[in-house]
Student: 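Please find one structure pasted underneath; my questions will follow.
Order of the sequence lines sets the chain letters (A, B, ...), proteins ahead of strands, with each chain counted from 1.
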Amino acid sequence: MSIYDTLNEQQKQGVFTVDGPVLLLAGAGSGKTRVLTHRIAYLIDEFGVQPWNIMAITFTNKAAGEMRERVNSIIGHGAEQVWVSTFHSTCVRILRRYIDRLGFDNNFTIYDTDDQKTVMKDICKRLQIDTKMLKERTLLSAISSAKDELISPVDYQLQAMGDYNKAKIAGVYHEYQAVLRKNNALDFDDLIVKAVELFKACPEVLESYQDRFRYIMVDEYQDTNTAQFELIRLLADKYRNLCVVGDDDQSIYKFRGANIRNILDFEKVYAEATVIKLEQNYRSSQNVLDAANAVIRNNVSRKDKALWTRKGEGSRIHFRQFDTAFEEAEYICDDVAKKKREGMSSYGECAILYRTNAQSRMLEERFVVQGIPYDVVGGTNFYSRREIKDMLAYLKTIDNGRDDVAVKRIINVPKRGIGATTIVRVQEYADMRNISFYDALREADQIMTIGKSAAKLAPFVTMIQTFRSKLEYYSLEELMKDVIETTGYVKELEESDDEDAEDRINNIDELISKIVSYQETHEEPNLSEFLEEVALVADIDRIEDDGNRVLLMTLHSAKGLEFPHVYLAGMEDGVFPSYMTITSDNPEDIEEERRLAYVGITRAKEDLTITYAKQRMLRGETQYNPISRFVKEIPEQLLDSRLPSVRSRDYTEYEEDSYERSHFKAKPFGMSYMSQYGAGTAEKSGDKEVSYRRTEAEQSVFSREGASGGYQRIFDKGVSAQSVKSKPKAIAVPKRTPAENRPFIAGGAAGSLSGVSGLSKGAPEAGTLNYGVGDRVRHIKYGEGTVTKMEKGPRDYQVTVVFDEAGQKIMYAAFAKLKKL
DNA sequence: TCCCACTTGGTTTTT
DNA sequence: CCAAGTGGGA
C-alpha cells in the first residue's frame with residue numbers, strides 16, 4: 001500500500017511522468033493539487049531528486065502555503081526545502097540578489113497602484129499630457145499591458161509609428177520607467193519583467209537557477225501572462241522538466257494580461273509534451289456539475305472536455321429572486337442561519353460570491369445585524385488605508401531614501417508647515433542636481449528658492465537620520481513605535497474629532513501586531529524584507545481562517561477554493577455578466593465572464609444557491625436588471641424553482657414609487673444612449689449636464705407612440721440633477737417580454753453608448769423590417785443614408801448603411817431603429 | 001499654508 | 001456612492 005494507490009489512472013500518470021514537459025489539463029475539482037503534491041513526493045522519495053531542486057509556482061501566497069502544508073504532510077523531511085512560492089515572490093527573491101546587475105540597488109522598493117498613480121500624475125504634469133484625452137488610468141494600464149507582453153518602451157515606440165496616441169504613451173512609458181529607476185522602485189509588473197531581463201542579460205545567473213530548479217511545476221497555468229511564461233520557459237530551458245497544470249475553462253485573468261494561448265499552444269512550444277487530462281471531478285454533485293457544464297458549453301474557444309463525477313445527483317440548484325438587493329441579502333443571511341440551526345457544523349462551510357466588491361456591503365450589514373461571524377476577502381486592502389500607507393511610507397523612507405513617493409507622502413504628515421510650493425522647489429533643485437528628493441532635503445540650506453522654509457525641512461531630515469541610526473539596534477517593533485511616538489501621528493488622531501480616527505488608531509495597532517508576528521516568524525527580520533512581504537500580500541492571503549466564518553468574496557478571489565454551501569449573489573445581466581462585457585464588441589469578453597460563472601458554480605460541493613434581485617442600487621443609482629443570461633443557460637430541470645415567465649403584452653398596474661436620478665452628458669449632441677430606463681437621445685442642453693428622468697413606465701408608453709430610438713426630454717438646465725423631484729404616479733404599462741427585458745445597461749457611464757453596440761438579443765422578426773438593400777433610411781444619430789447590405793446573424797440582422805455624413809456603419813437592426821424614408 | 005464646503009468625475013475583476 | 005479636486009476665506 002503506497003500513498004499513490006488512492007489516485008486514479010490519470011492522476012497517477014500525472015504523478016509518475018516526471019521527465020520532460022507535461023501539460024496537465026485539470027478540470028475543476030479534479031484533484032490537481034493532489035497530483036502536484038504527490039508528484040513532489042514521488043520526485044523526492046522514489047526518484048531521488050533533492051528537495052531544493054524542485055520548484056512549485058502558484059499565484060497566491062495562500063495557495064503556496066496550502067501546497068507547502070500538504071507537501072509537508074506527505075513527505076516527512078526536506079519538504080521545507082522545496083521552493084514553493086508565487087511568481088512575484090520568486091522574482092523578488094531573485095532580484096534582491098542580482099538586480100544590481102541591471103543598475104538597481106538590491107534594496108529596491110515595490111510600488112503599489114497608489115504609488116504608480118502618484119508617479120503618473122507627476123509625469124503627466126511634467127510632460128503636459130492632456131489628462132482629459134489620455135487618462136492616468138489609461139496610461140498605466142497601457143504600460144502594464146505592454147509589460148505583460150514584455151514590450152519595452154523602445155519596442156513600444158517602434159510599434160507606435162504613425163499613431164499619435166501610441167507615440168505619446170510610449171513617451172510616458174519611457175519617462176515612467178526612468179522615474180522608477182531613479183526612485184529605485186519596481187512596480188508589480190516590473191518584478192517579472194526585470195527577472196526576465198536579468199536572465200537574458202546574465203546567462204551565468206540564469207544557468208545557476210536552471211541548475212537549481214531542475215523540476216518546475218506551475219499551478220493555475222491558464223492565468224500566466226506572456227512575461228511569466230517567458231520566465232518559466234527560460235528557467236526550464238536546460239532540463240525541460242516543466243509540468244504545468246491548468247484549466248482553460250477557468251482562465252479569468254485576461255484583464256491582467258493572462259494569455260490563454262499559453263495553455264492552448266503549450267503543445268506547440270513543447271512538441272514532446274505529454275498531455276494528461278484529469279476529468280473526474282471529486283468535488284461536486286451531479287447537479288452542480290451539470291449546471292456548470294451547461295453554462296460553459298456556450299463558450300466557443302475552449303478545449304473540449306467532459307467532466308464527470310461519481311457523486312450522487314445531490315439537491316437541485318436553488319434559485320431565488322427578490323425585488324431588492326436588500327431582500328436578497330436578508331434571505332441569504334437567514335438561510336445561512338437556518339443551515340446552522342439545522343446542524344451545519346460551522347459557518348466556514350458557507351461562502352457568498354459576487355461579481356464586484358461593492359456588493360459585499362449590504363450582505364455585511366445583514367450579517368452584522370444577525371450576529372453571524374463573517375469575513376470579507378478583498379475590498380479595501382488593509383495596506384492601502386491611509387494611515388497604514390503613511391506608516392509604511394515612514395518605514396520606506398527610513399529603508400530607502402531614494403523612494404521619492406514615500407518621502408513626499410510623509411514630509412508634511414503630520415503637518416509640519418511644509419507646503420506644495422516648498423516641495424516643488426525642492427524637487428526642482430533635486431532635478432537640477434540629479435539627486436533624489438530626500439538628498440535634496442538634506443541640502444535644504446543650499447536651495448536658494450525656498451528661503452526660510454528650509455528651517456522647517458531640517459528637523460524632518462534629522463528625524464529620519466536618527467531613525468536610521470537606531471535601526472542598528474532597534475527591533476522593527478521598536479522602530480515603528482518610535483516613529484509613531486516621535487511624529488505624534490497617533491496623538492494627532494486621538495485629539496482629532498474625525499469620526500473614524502478610532503478606526504485608524506486600531507488599524508495602526510493592527511499594523512504593529514503584524515510587525516510583531518513578522519518578527520516572530522522570521523529568523524532574521526529586517527525592514528526591507530518586511531516591506532516586501534507587505535507589498536506582495538494578496539487579499540485572499542489575509543483571511544484568518546478560524547473555519548467558523550462565512551466568507552464573502554468576489555468570484556475572482558474564490559478561484560481554487562471549495563465550499564459545501566455556495567451562494568452566487570447578484571445574478572443579473574449588467575452585474576454579472578458586468579455591463580462592461582455586455583457592451584463590449586469583443587465576444588471574447590463575455591466568454592471570460594462565462595468562465596467566471598463556471599468557476600463560481602464549481603466552487604460548490606453539494607449545495608448551490610443562485611439569487612437575483614430585480615432592483616439594485618449600484619453606484620448611487622437604482623438599476624433594474626434582467627436575470628443573468630448565465631442562469632438562463634442552466635437547464636430548468638436542474639433548478640428548484642422556475643424562471644419567471646413573463647407573458648408578453650401582459651398589462652399590469654405599475655406603481656411608480658421612486659424616481660431615480662440619472663444624469664448624463666448631453667454631448668455629443670444628438671447621441672443616442674441606453675440607460676436603465678431605456679433608450680433615449682440627448683437633446684440640446686447647452687454644455688452643462690442635463691438631468692434626465694424617466695420611469696420604466698414612461699419608456700413603454702413612449703415607445704408605443706413609436707418614437708424612433710426612444711424618447712427625449714430635457715429638464716430645465718438650471719436645475720441640478722439632485723434637486724429635481726417628480727411626483728410619483730401610477731400608469732398602466734405593458735410588462736416587458738423577456739426579449740425586451742435584455743438590453744438594460746447601467747446608467748451613468750452607459751450614457752456614452754451609442755445605441756449601436758451589440759447588446760441586442762431581441763431579434764426582430766425578418767418580416768418586421770420594412771427596409772431592405774438599396775432603401776434610404778434615417779438613423780437617430782447618423783442621419784440619412786443608404787442600406788448597402790443586410791446579413792442575417794444568429795440573433796439579429798446586421799445592417800450595413802452608408803450614411804451621407806457619417807460614412808459606413810454596421811449595426812444591429814434591433815438597435816439601429818432605422819426608419820425607412 | 002490650512003481648512004472647509006462644494007463640485008466633478010469615475011466606477012469589474014487583482015498579483 | 002465615494003474620492004479627488006477646486007476655490008475661497010482665515
Student: For B/dT11 and A/Arg137 - does any side-chain N or O of the residue sit under 4.0 Å from the phosphate oxygens OP1/OP2?
Tutor: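 Answer is yes, contact under 4.0 Å.
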
Student: What contact category does A/Arg361 fall into here, base, sugar-phosphate, or nothing, at under 4.0 angstrom with non-hydrogen atoms?
Tutor: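 Here A/Arg361 touches the backbone only, sparing every base.
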
Student: Within a 6.0 Å radius of atom CZ on A/Arg126, are there more than 12 heavy atoms belonging to other residues, nucleotides or ligands?
Tutor: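 Counting neighbours around CZ of A/Arg126, more than 12 heavy atoms of other residues, nucleotides or ligands fall under 6.0 Å, so yes.
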
Student: Could I get the full list of ring-ring contact (aromatic ring centres under 6.0 Å, His included) partners for A/Phe104, not counting sequence neighbours?
Tutor: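 With sequence neighbours excluded, A/Phe104 shows a ring-ring contact (aromatic ring centres under 6.0 Å, His included) to no residue whatsoever.
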
Student: Once you apply a heavy-atom cut-off of 4.0 Å, does A/Thr58 come out as touching a base, just sugar-phosphate, or nothing?
Tutor: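 A/Thr58: no heavy atom of the nucleic acid under 4.0 Å.
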
Student: Please report, rounded to the nearest Å, how far the P atom of B/dT15 is from the CE atom of A/Met553.
Tutor: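 It is 13 Å, rounded to the nearest whole Å.
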
Student: Is there a side-chain contact between A/Phe576 and A/Tyr354, using heavy atoms and a 4.5 Å cut-off?
Tutor: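 Counting from C-beta outward, A/Phe576 and A/Tyr354 never come under 4.5 Å.
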
Student: Can you list everything that forms a side-chain hydrogen bond (donor to acceptor under 3.5 Å, both in side chains) with A/Thr58? Sequence neighbours excluded, please.
Tutor: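 Per chain and number, A/Thr58 pairs via side-chain hydrogen bond (donor to acceptor under 3.5 Å, both in side chains) with no residue.
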
Student: Are any protein N/O atoms closer than 3.5 Å to N/O atoms in nucleotides 3-6 of chain C? If there are, list each pair with its distance.
Tutor:
| unit_1 | atom_1 | unit_2 | atom_2 | d |
| --- | --- | --- | --- | --- |
| C/dG5 | OP1 | A/Lys121 | NZ | 3.0 |

Student: Could you state the atom-to-atom distance from CD1 of A/Ile582 to P of B/dT12 in whole Å?
Tutor: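 Between P of B/dT12 and CD1 of A/Ile582: 14 Å.
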
Student: Report the residues that fulfil side-chain hydrogen bond (donor to acceptor under 3.5 Å, both in side chains) with A/Arg137, sequence neighbours left out, ordered by chain and then residue number.
Tutor: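 Checked A/Arg137 against side-chain hydrogen bond (donor to acceptor under 3.5 Å, both in side chains); zero matches.
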
Student: Please determine, for the side chain of A/Phe255, which listed nucleotide (B/dT12, B/dT13, B/dT1) has the closest atom?
Tutor: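 Within the option list, the nearest is B/dT13.
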
Student: State whether A/Thr422 places a side-chain N or O below 4.0 Å from either non-bridging phosphate oxygen (OP1 or OP2) of B/dT1.
Tutor: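 For B/dT1, OP1 or OP2 has a side-chain N or O of A/Thr422 closer than 4.0 Å.
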
Student: Does A/Ser578 have a side-chain nitrogen or oxygen under 4.0 Å from the phosphate oxygens OP1 or OP2 of B/dT13?
Tutor: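 Answer no for this pair, as no side-chain N or O of A/Ser578 is under 4.0 Å from OP1 or OP2.
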
Student: Need one value for A/Asp187: base, sugar-phosphate or nothing, where a base atom within 4.0 Å counts as base even if backbone is also close, heavy atoms only.
Tutor: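 The residue A/Asp187 makes no contact with any strand.
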
Student: Could I get the full list of ring-ring contact (aromatic ring centres under 6.0 Å, His included) partners for A/Tyr598, not counting sequence neighbours?
Tutor: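 So A/Tyr598 forms no ring-ring contact (aromatic ring centres under 6.0 Å, His included) with any residue.
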
Student: Would you say B/dT14 has OP1 or OP2 under 4.0 Å from some side-chain N or O of A/Thr554?
Tutor: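 Yes, A/Thr554 has a side-chain N/O under 4.0 Å of OP1/OP2 on B/dT14.
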
Student: Taking only residues two or more places apart in sequence or in another chain, which ones pass ring-ring contact (aromatic ring centres under 6.0 Å, His included) with A/Phe59?
Tutor: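 So A/Phe59 forms a ring-ring contact (aromatic ring centres under 6.0 Å, His included) with A/Phe87.
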
Student: Determine: side-chain N/O of A/Asn357 to OP1/OP2 of B/dT11, distance under 4.0 Å, yes or no.
Tutor: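 No.
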
Student: Using a heavy-atom cut-off of 4.0 Å across all strands, would you classify A/Tyr253 as base, sugar-phosphate, or nothing?
Tutor: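 Sugar-phosphate only.
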
Student: Quick one: A/Phe188 CZ to B/dT15 C1', roughly how many Å, whole number?
Tutor: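 These atoms are roughly 6 Å apart.
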
